[in-house]
Participant: 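Input: one structure, supplied below.
What you see below is based on every heavy atom in this structure, not just the backbone, and it leaves out hydrogens, waters and symmetry mates. Just so it is clear: chains get the letters A, B, ... in the order the sequence lines come, proteins before strands, and each one is counted from 1.
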Number of protein chains: 2
Amino acid sequence: MAGLRERKKARTHAAISDAAIALFLEHGFDQVSVAQVAEAAEVSKRTVFAYFPAKEDLVVHRFADHESEPARVVRSRPPGVRPLAALRDHFLAGLRDRDPVTGLNDLPQILALTRMIMETPALRTRAVTFQDGAEQALAAALHETADVPELTARLAAAHVVRTHWLLAMDNFDALLGGRAAADRHPAAVADAEHAFALLADGLGTYV
Amino acid sequence: MAGLRERKKARTHAAISDAAIALFLEHGFDQVSVAQVAEAAEVSKRTVFAYFPAKEDLVVHRFADHESEPARVVRSRPPGVRPLAALRDHFLAGLRDRDPVTGLNDLPQILALTRMIMETPALRTRAVTFQDGAEQALAAALHETADVPELTARLAAAHVVRTHWLLAMDNFDALLGGRAAADRHPAAVADAEHAFALLADGLGTYV
DNA sequence: TGCAAATCTACACCGAGTGCAGAAATATTC
DNA sequence: GAATATTTCTGCACTCGGTGTAGATTTGCA
C-alpha cells in the first residue's frame with residue numbers, strides 16, 4: 001500500500017504545486033520563474049521538472065482529472081437514458097454543486113485561480129489541450145455505447161465539449177462581474193438547458 | 001504606393017518563411033533551431049523575430065488569412081440564404097476546388113506541410129489557436145446578420161468551426177493513407193453534408 | 001546494520017525570445 | 001545630388017524554460 005516513499009512523493013508534489021500557485025497568484029504566472037518556485041518549495045529546479053513536465057502543469061495538472069469525465073458519464077448512464085440527457089443532467093448537477101468546472105464557483109481562491117488561467121495565454125492554451133483528450137474519450141464512449149457512426153460520434157463529442165466550455169466561460173464571466181454564484185445560478189441553468197436543447201434539436205431554427 | 005522599403009520587407013518575410021519551411025520539412029520542426037533558419041535566410045536571428053513573433057509562426061502565419069473566412073462567408077451571403085447553408089456551400093466549394101483548408105489537397109508539398117503541422121504538437125496547438133479567432137469572428141457575424149441571441153451565436157460558431165476542423169482532419173487522414181484527392185472527394189462531400197445536416201437538425205436522432 | 005534502488009541535487013548545457021547600442025540602408029529635404 | 005533624419009538590421013549579452021549527467025542522499029528491504 002502507501003509506503004513512506006509514495007506518501008512523501010505525494011506531499012512533495014502538493015507542496016511544489018501549492019507554493020507555485022501561491023506565488024503565481026501573488027505576482028502573476030509570467031513574473032515568477034521556475035527557479036523561484038523551486039526555492040519557495042525548498043527543492044531544486046530539477047526536482048520541479050521531475051514532478052511536473054512543464055511550468056504550466058504546476059497550475060493545470062488538476063484538469064487532467066476531468067479529462068475523462070464526460071466519457072465516464074456516458075458510460076455509466078443508467079440503461080434507457082440517452083447520452084445527451086446524461087451529459088446535460090450531469091452538467092446541471094455540476095451547477096447545483098458549484099463544481100468549479102462549470103464556472104459557477106465563487107470561492108475567492110477558485111475565482112482567482114480561474115481568472116489567472118483565463119488571462120494567461122499559456123495556461124489557457126494548456127487548459128484547452130485537455131479538452132482534446134476529453135473529446136477523444138467522449139467520442140469513443142459514444143461510438144461504443146450508443147450505436148452511432150464514428151464520424152457522428154466525433155462530431156457530437158466535439159460539440160458537447162465546446163458547449164461545456166462556453167457555458168463555463170459565461171458563468172465565470174458573470175462571477176467576475178461581481179455576481180454571486182447563487183445569483184447567477186438560475187440563468188446558468190437556463191443557458192445550459194438552451195445549449196443542450198440546441199445540441200439535440202440543431203441550429204436549424206436559428207441559423 | 002509600394003516603396004522599395006515595403007517591397008523589400010515583403011521579400012524578406014517570404015524568404016525567411018520559405019527557408020524555414022524547407023529546413024523544417026527536411027529535418028523536422030524541433031530539429032531545426034531559429035539560428036539555423038536565420039543562417040539559411042542570410043539574416044540575423046534577431047531579424048527573424050522582427051518578422052515573426054514566434055518560431056511556430058514561421059509555418060502557420062498563412063493560417064491568419066483564413067481566420068476571418070467563415071465570418072466573411074456569413075456576412076457576404078446573398079439575401080435569403082441562411083448562414084448555415086452559406087457555410088456548408090462554401091465548404092463544399094472548398095472541397096471541389098481542393099482548398100487546403102478542407103484537407104483535400106494532395107499536392108505533395110501541401111500534404112507534407114500539413115502532415116508536419118499535425119504531427120508537431122507546438123504547431124498543432126498554434127493552429128488551433130487561430131480557430132479561436134475564427135470562432136469569435138463568426139459568432140459576431142451570426143449575431144449581427146442573423147437575428148440570433150448572443151449565446152446561441154457563440155455556440156453555433158463553436159460548432160461550425162469544430163465541424164470544419166474535424167472534416168478537414170478526416171480528409172487529410174484519408175490522403176495520408178495514400179488515397180488521391182479525387183478518390184476521396186465523394187466521401188468527403190457525403191461526410192460534409194452529413195455533418196452540416198447534423199448541425200442543422202441536431203444530435204437528437206443519434207444520441 | 002548494511003546494501004540496493006530510487007530520488008534529489010548541483011552544474012553545465014541548449015534553444016527560444018528580448019533589450020540595447022551602434023552600423024547600415026532607405027527616405028526626405030534643400 | 002549631398003546632407004540629414006528615419007527606419008531597419010546586426011551582434012552581443014542576457015533571461016528563462018527545459019534536459020543530461022554524475023554523484024550525493026534517502027529510503028526500502030534483508
Side-chain angles (χ1 to χ4, degrees), chain A residues 1-21 23-24 26-61 116-117 120-127 129, chain B residues 1-21 23-24 26-61 116-117 120-127 129:
Chain A
M1 40 193 65
L4 173 58
R5 206 160 232 164
E6 311 273 328
R7 274 180 287 138
K8 190 167 184 182
K9 268 184 92 166
R11 259 192 292 121
T12 305
H13 184 93
I16 295 175
S17 174
D18 290 349
I21 290 178
L23 280 175
F24 292 157
E26 189 178 353
H27 303 108
F29 182 78
D30 295 317
Q31 277 61 55
V32 179
S33 72
V34 174
Q36 288 174 283
V37 170
E39 195 182 4
E42 293 178 326
V43 144
S44 80
K45 176 184 155 193
R46 203 68 186 71
T47 297
V48 173
F49 284 112
Y51 280 88
F52 299 90
K55 187 186 179 187
E56 291 80 23
D57 294 299
L58 287 165
V59 179
V60 300
H61 64 97
M116 182 175 71
I117 294 172
T120 306
L123 289 176
R124 205 179 158 129
T125 298
R126 198 72 154 212
T129 302
Chain B
M1 34 193 71
L4 172 60
R5 204 160 234 165
E6 312 271 329
R7 273 179 289 137
K8 191 168 182 181
K9 268 183 92 166
R11 259 192 294 120
T12 306
H13 184 94
I16 295 175
S17 174
D18 291 350
I21 289 177
L23 281 176
F24 292 157
E26 189 178 352
H27 302 107
F29 182 78
D30 296 317
Q31 276 62 55
V32 178
S33 72
V34 174
Q36 288 174 283
V37 170
E39 193 183 5
E42 292 178 330
V43 144
S44 80
K45 175 184 154 192
R46 202 68 187 73
T47 298
V48 172
F49 285 112
Y51 280 87
F52 300 90
K55 186 185 179 187
E56 290 81 25
D57 293 299
L58 288 163
V59 179
V60 299
H61 64 97
M116 181 176 71
I117 293 173
T120 306
L123 290 175
R124 203 178 159 131
T125 297
R126 197 73 153 210
T129 302

Participant: Which is true for A/Val37 with a 4.0 Å heavy-atom rule: it touches a base, it touches only sugar-phosphate, or it touches nothing?
Facilitator: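 No contact.
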Participant: How many whole angstroms separate atom CZ of B/Phe24 from atom C1' of C/dG15?
Facilitator: 12 Å
Participant: What parts of residues 40-54 of chain B reach DNA chain D, counting only heavy atoms under 4.0 Å away?
Facilitator: B/Val43, B/Ser44, B/Arg46, B/Thr47, B/Tyr51
Participant: Could you tell me the separation between the CD atom of A/Glu56 and the C1' atom of D/dC16, rounded to a whole number of Å?
Facilitator: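 Rounding to the nearest Å, CD of A/Glu56 and C1' of D/dC16 are 12 Å apart.
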Participant: Can you name the closest pair of heavy atoms from A/Val37 and A/Ile16 and give their distance?
Facilitator: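 That would be CG1-O, 4.2 Å.
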Participant: Take atom CZ of B/Phe29 and atom P of C/dG15, then tell me their distance rounded to the nearest Å.
Facilitator: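 One finds 14 Å between P of C/dG15 and CZ of B/Phe29, rounded.
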Participant: Of the nucleotides C/dG17, D/dT8, C/dG15, which one has an atom closest to the side chain of B/Ser33?
Facilitator: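 The answer is C/dG15.
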Participant: Measuring from the side chain of A/Lys8 (C-beta onward, heavy atoms only), which nucleotide among D/dG17, D/dT26, C/dG17 has the closest atom?
Facilitator: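 The answer is D/dT26, which lies nearest to the side chain.
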Participant: Salt bridge (charged side-chain N to carboxylate O under 4.0 Å, His left out): which pairs involve residues 27-56 of chain B, sequence neighbours left out?
Facilitator: B/Glu56-B/Arg126
Participant: A/Thr47: what forms a side chain to side chain donor-acceptor pair (under 3.5 Å) with it, not counting sequence neighbours?
Facilitator: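 Partners of A/Thr47 by the side chain to side chain donor-acceptor pair (under 3.5 Å) criterion, ordered by chain and then number, come out as A/Ser44.
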Participant: Whole angstroms only, please: what is the NZ-P distance between B/Lys9 and C/dA27?
Facilitator: 12 Å
Participant: How would you list, by chain and number, every residue that makes a salt bridge (Lys or Arg N to Asp or Glu O under 4.0 Å) with A/Arg124, sequence neighbours excluded?
Facilitator: none
Participant: In whole angstrom, what separates B/Glu39's CD from C/dG15's P?
Facilitator: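 One finds 13 Å between P of C/dG15 and CD of B/Glu39, rounded.
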Participant: Mind checking side chain to side chain donor-acceptor pair (under 3.5 Å) for A/Ser33 and listing every partner two or more places apart, or none if nothing turns up?
Facilitator: A/Gln36
Participant: Check side chain to side chain donor-acceptor pair (under 3.5 Å) between A/Thr12 and all other residues, then give those that pass, not counting sequence neighbours.
Facilitator: none
Participant: What's the CG-P distance between B/Leu58 and C/dG15, to the nearest Å?
Facilitator: 16 Å
Participant: When the distance from CZ of A/Arg7 to P of C/dA6 is rounded to whole Å, what number comes out?
Facilitator: 19 Å
Participant: Rounded to whole Å, please give me the gap between CG in B/Asp30 and C1' in C/dA16.
Facilitator: 12 Å
Participant: When rounded to the nearest 0.5 angstrom, what distance separates CZ in B/Phe24 from OG1 in B/Thr120?
Facilitator: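 It comes to 9.5 Å.
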